[in-house]
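To start, the structure under review is shown below, and the notes come after it.
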Amino acid sequence: MSGAIQVDDPVGPSQTRPNTYTFATISVPQTALTGNGFSAQPTVTVNNPGTNTYTFSNETINGTFYGDSSDVLAGTLSADYTANGTAGVAVGNYLAN
């Protein structure tokens, strides 16, 4: 399996509504399924950095297929990052069907 996840900027200009552009793309390389799940090291590309500088490392994505027809996918993703020289860790989860 392989694919891409589009990540929208979660905070809008007024901090009350999401922005409408795709902030980043998480590209999952071709990887084999193990049982009903997978684990891979994706690539994070920031599409709209503005005047900011971002770097990512130690990216990980895991997923498991659920349901009678394996039509639900849920999992976690994480990455270390720096934004304008300040280090942090991004952790999240996802659900798709």
Side-chain angles (χ1 to χ4, degrees):
M1 69 158 287
S2 64
I5 301 169
Q6 303 300 321
V7 180
D8 291 332
D9 189 344
V11 180
S14 65
Q15 306 272 334
T16 60
R17 58 188 163 87
N19 287 331
T20 57
Y21 65 84
T22 302
F23 171 72
T25 302
I26 301 171
S27 300
V28 180
Q30 187 72 32
T31 188
L33 293 174
T34 302
N36 65 330
F38 71 95
S39 181
Q41 294 178 318
T43 302
V44 178
T45 304
V46 176
N47 301 314
N48 295 294
T51 59
N52 300 306
T53 302
Y54 300 94
T55 59
F56 292 88
S57 62
N58 301 318
E59 302 98 322
T60 303
I61 186 168
N62 299 297
T64 303
F65 289 93
Y66 298 94
D68 294 334
S69 301
S70 297
D71 56 351
V72 177
L73 174 64
T76 61
L77 47 92
S78 65
D80 296 332
Y81 71 89
T82 60
N84 300 322
T86 301
V89 176
V91 178
N93 54 43
Y94 63 92
L95 173 67
N97 54 359

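Note that the numbering runs from 1 along the sequence shown for the chain.
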message: Ala79: which residues meet the side-chain contact (heavy atoms from CB on, under 4.5 Å) condition with it, sequence neighbours left out?
response: Phe56, Glu59
- request: List in chain and number order the residues that pass side-chain contact (heavy atoms from CB on, under 4.5 Å) with Gln6, two or more places apart in sequence or in another chain; answer none if no residue qualifies.
  value: Ala4, Thr22, Thr25, Asn47
Return a table of donor-acceptor pairs under 3.5 angstrom between the side chains of residues 83-97 and protein atoms on other chains or two or more places apart.
{"from": "Asn84", "atom 1": "OD1", "to": "Thr53", "atom 2": "N", "distance (Å)": "2.8"}
{"from": "Asn84", "atom 1": "ND2", "to": "Asn52", "atom 2": "OD1", "distance (Å)": "2.8"}
{"from": "Tyr94", "atom 1": "OH", "to": "Asn62", "atom 2": "O", "distance (Å)": "2.9"}

query: Going hydrophobic residue to hydrophobic residue with side-chain gaps under 4.5 angstrom, can you get from Leu33 over to Val72?
result: no
Passing candidate, side-chain contact (heavy atoms from CB on, under 4.5 Å) with Val44, options Ile5, Leu77, Ile26, Thr55: Ile26
query: How close do Pro42 and Pro29 get, heavy atom to heavy atom, and via which atoms?
result: CA-CD, 3.9 Å
field: Set of residues satisfying ring-ring contact (aromatic ring centres under 6.0 Å, His included) with respect to Tyr54, sequence neighbours excluded
entry: Phe23
task: Among residues two or more places apart or on two chains, list those pairs meeting side chain to side chain donor-acceptor pair (under 3.5 Å) that have a residue in residues 66-81.
output: Asn58-Asp80
